Amino acid sequence: MNKLTITDIETTGKKVLVRVDFNVPIDIETGEITDDSRIRAALPTIEYLIKQKARVILISHLGRPKGKVVDVLRLTSVAQRLSQIMEQQVGVATDCIGPEVEKSVAALRSGDVLLLENLRFHSAEVTGSATFAQELARLGDIFVNDAFGTSHRTHASIADIAHFLPAVAGLLLKKEIMTLGSLLDNPPHPFTSLLGGAKVSDKVAMVENIMNKVNCLLIGGGMAATFLKAESFEIGQSIVEAESLDTAAWLIKESAQKGIRLVLPVDAIVANEISADAKGEIVTIGNIPKDKMIVDIGPQTIEIFRRELQRSKIIFWNGPVGIDEIPQFAEGTKAMARILAELDAITVVGGGSTAEVINDMGLADKVTFVSTGGGASLRFLSGETLPGVEALLDKAH
C-alpha cells in the first residue's frame, strides 16, 4: 500500500470529504435497507475522524437514478441507519452541491457527521465532470476515498475530485487493498479460487493474472456451462457465452499445462425454466436433457468442491454457483458459504452477490474478509490499476 491514508495526515478540525460506498440493497416496496454491511464497513474511518475532531462530510451514490431525483433512492434511510449504528445524529443534506449544502457544511462543528444527497441525482457524477468534482471539492479541506466498491470507476467523486483536494485512502480502502493484495503477493499454498456467476468474460483477466499463483480453480455457476460446452458436453438450454468458448478451452488447456487442477461440475440441478415455481432434478454431466438448463451444482460436485476447499490454505470466492436468487437453486451456493465458514484457511469473499449470500446467512464473521467490491475486486486481482486508488497521494519513499 504505497498511498497515504487518513492516519498519515492531520485531520483535526478539518472539513473532511469522505467518499463512502453506501450503495446498499433496498426493498423498493418499503424503502427498507435489507443489508447494512456496507454502512458498517465504513465505520472505522468515520469513527477515526470523529475522534480526531474532524468535521465529517460523507458522499455516496445509491442505485442508478440516471441523473434524476428518484425518491426511493434518497439517502435519508441510510443516514437514519448510520445514526442508529453510531448512536450519534447524522445530518442529511437535501443535495450534494449548491448554496444550501454549503450552509449545512459551514454549520458543522468538530465531530459532526453530515451525509450529502445521492451523487447520481446529477448526471455529471457518472460522466466524470471536472466542474462537478470542483463543486464537491469546495465543501472540504481534505478528500478521503473509502469507497473501494466504486474505485474502478472514473466518476467525478472518485477520480476527478483528487485534482482539487489533497486525497488519501480511508481505513476500509486500505484494508481491501492489503487483503486482496495478499492473494497476489506470495499467497500460502494450496491456493484455491472458487468462481461462479454468469459470465466467463468478467473473470478472464483475473484468472489469467492469478494463473501462476493458484493450485486449483473450481468452476460453478452459469460460467460452468460455457466450460462444459467447450469440453463438448450437451448442456441443453443453459446460457452459453459463445464468444468465450475459445477462452474457456484455452483456460482448460493452460491449467493442464501449468499443473493447476481446473475442476468442473460432475453433476447439476437442471430445470425447464428459471422461476420460483420451477422444479429441479439432479443429473450427471453428460445426461443433461436438451430441453433443460443448469440451475445449480449437484450434490456430488458439492462434495468434490468441499474436498478441494478443505485442503486449501487460502481461498478466494467470487460468484454464486447456482441461481441463488431462487431458493431451490441456491443450495450449492449456500453449501459453499457454509464450507468456507468452517475452514481454518484464509477465506476471502469477493464482493457483489457472493458477499450478499455470506451476509444474509450471518457468516461474515466466520470468514477472513468479505470485500465490499465485486467488480473492483476482480479488476484489482486482474492486475489493473483502479482510477480511485491511482488518484490518491503517494507515500514518500
Side-chain angles (χ1 to χ4, degrees), residues 1-22 38-60 82 86 88 90-91 93 96-97 101-102 104-116 119 128 130 132-182 371-373 376 380 385-397:
M1 178 74 183
N2 64 340
K3 298 291 180 179
L4 290 175
T5 73
I6 50 171
T7 57
D8 297 317
I9 58 163
E10 182 57 64
T11 53
T12 307
K14 299 273 204 273
K15 289 179 292 182
V16 183
L17 199 60
V18 187
R19 178 52 160 107
V20 286
D21 183 5
F22 287 168
R38 283 184 172 176
I39 299 172
R40 292 177 185 276
L43 289 177
T45 292
I46 298 167
E47 287 168 348
Y48 173 84
L49 290 169
I50 290 169
K51 274 191 192 136
Q52 296 300 307
K53 298 186 167 49
R55 289 171 282 170
V56 185
I57 306 141
L58 305 174
I59 56 174
S60 181
L82 182 59
M86 289 175 56
Q88 171 179 336
V90 174
C96 57
I97 54 168
V101 178
E102 286 171 24
S104 300
V105 168
L108 290 175
R109 294 168 304 180
S110 294
D112 282 353
V113 181
L114 175 69
L115 176 62
L116 306 191
L119 293 162
F132 182 65
Q134 203 165 8
E135 283 188 81
L136 287 171
R138 271 219 305 271
L139 302 169
D141 304 313
I142 294 163
F143 171 67
V144 174
N145 183 4
D146 212 30
F148 177 77
T150 45
S151 286
H152 58 311
R153 308 286 186 203
T154 52
H155 294 173
S157 70
I158 292 290
D160 294 281
I161 197 168
H163 298 306
F164 306 106
L165 285 175
V168 299
L171 301 177
L172 173 63
L173 187 77
K174 179 185 178 182
K175 191 175 181 185
E176 290 271 6
I177 287 170
M178 299 290 281
T179 306
L180 293 171
S182 71
S371 176
T372 53
F380 181 84
T385 55
L386 305 183
V389 177
E390 194 69 9
L392 304 177
L393 291 169
D394 289 326
K395 280 184 176 171
H397 291 296

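No hydrogens, no waters, no symmetry mates; every other heavy atom, side chains included, goes into these values. Here the structure is a predicted model, which is why all the values come from computation and not from measurement.
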| task | Compare every heavy atom of Lys3 with every heavy atom of Lys395, then report the nearest pair and how far apart it is. | result | CE-O, 3.5 Å

| pair Pro166-Ile9: side-chain heavy atoms closer than 4.5 Å | no

| Leu393 side, atom CG; Thr5 side, atom OG1 - distance, nearest 0.5 Å | 11.5 Å

| field | For the student: nearest non-hydrogen atoms of Gly149 and Asp21, plus distance | value | CA-OD2, 3.6 Å

| message | Testing the basics here: between Phe132 and Ala156, what is the closest heavy-atom pair and its distance to 0.1 Å? | response | CD2-CB, 3.7 Å

| query | If every non-hydrogen atom of Leu139 is compared with every non-hydrogen atom of Cys96, which pair is closest and at what distance? | reply | CD1-O, 3.5 Å

| field | Pairwise distance CG(Leu115) to CD1(Ile57) - rounded to 0.5 angstrom | value | 11.5 Å

| said: Within this structure, what is the CD-CG distance for the pair Gln134 and Asp160, rounded to the nearest 0.5 Å? | reply: 10.5 Å

| Lys/Arg-Asp/Glu bridge criterion (N-O < 4.0 Å) met for Asp146, Arg19 | no

| query | Any side-chain heavy-atom pair from Thr372 and Glu176 closer than 4.5 angstrom? | reply | yes

| query | How long is the span from the CG atom in Asn145 to the OG atom in Ser151, to the nearest 0.5 Å? | reply | 4.0 Å

| Can Thr150 and His155 be said to form a side chain to side chain contact (heavy atoms under 4.5 Å, CB included), step by step? | CA-CA 9 Å; Thr150 45; His155 294 173; 5.8 Å; no

| request: Answer yes or no: is there a side-chain heavy-atom contact under 4.5 Å between Leu43 and Leu82? | output: yes

| request: Return the set of residues passing side chain to side chain contact (heavy atoms under 4.5 Å, CB included) with Ala376 (not counting sequence neighbours), or none when no residue passes. | output: Phe148, His152

| query | Looking only at heavy atoms, which two atoms of Leu114 and Leu108 are closest? And how far apart? | reply | CB-CD2, 3.9 Å

| Any side-chain heavy atom of Ile161 within less than 4.5 Å of one from Leu17? | yes

| query | Do Val16 and Gln52 come within less than 4.5 Å of each other through their side chains, counting heavy atoms only? | reply | no

| query | Got a donor-acceptor contact below 3.5 angstrom from the Arg55 side chain to the Gly13 backbone? | reply | yes

| task | Applying side chain to side chain contact (heavy atoms under 4.5 Å, CB included), run through Val18 and Thr45 and close with a yes or a no. | result | CA-CA 9 Å; Val18 187; Thr45 292; 4.3 Å; yes

| task | Would you mind reporting whether Leu4 and Leu392 have side-chain heavy atoms less than 4.5 Å apart? | result | no

| field | Short side-chain to backbone donor-acceptor contact, Gln88 and Val90, under 3.5 Å | value | no

| message | How close do Ile158 and Gly388 get, counting heavy atoms only, and between which atoms? | response | CG2-CA, 3.4 Å

| said: Nearest 0.5 Å, please: how far is NZ in Lys174 from OG1 in Thr179? | reply: 11.0 Å

| field | Full working for side chain to side chain contact (heavy atoms under 4.5 Å, CB included) between Leu136 and Ile97 | value | CA-CA 6 Å; Leu136 287 171; Ile97 54 168; 3.8 Å; yes

| task | Starting from the C-alpha separation in whole Å, work towards a yes-or-no answer on side chain to side chain contact (heavy atoms under 4.5 Å, CB included) for Thr11 and Asp141. | result | CA-CA 9 Å; Thr11 53; Asp141 304 313; over 6 Å; no

| task | Decide yes or no for Thr7 and Leu171: does some side-chain heavy atom of the first lie under 4.5 Å from some side-chain heavy atom of the second? | result | yes

| task | Determine whether Val101 and Leu116 make a side-chain contact, defined as any pair of heavy atoms from C-beta on separated by less than 4.5 Å. | result | yes

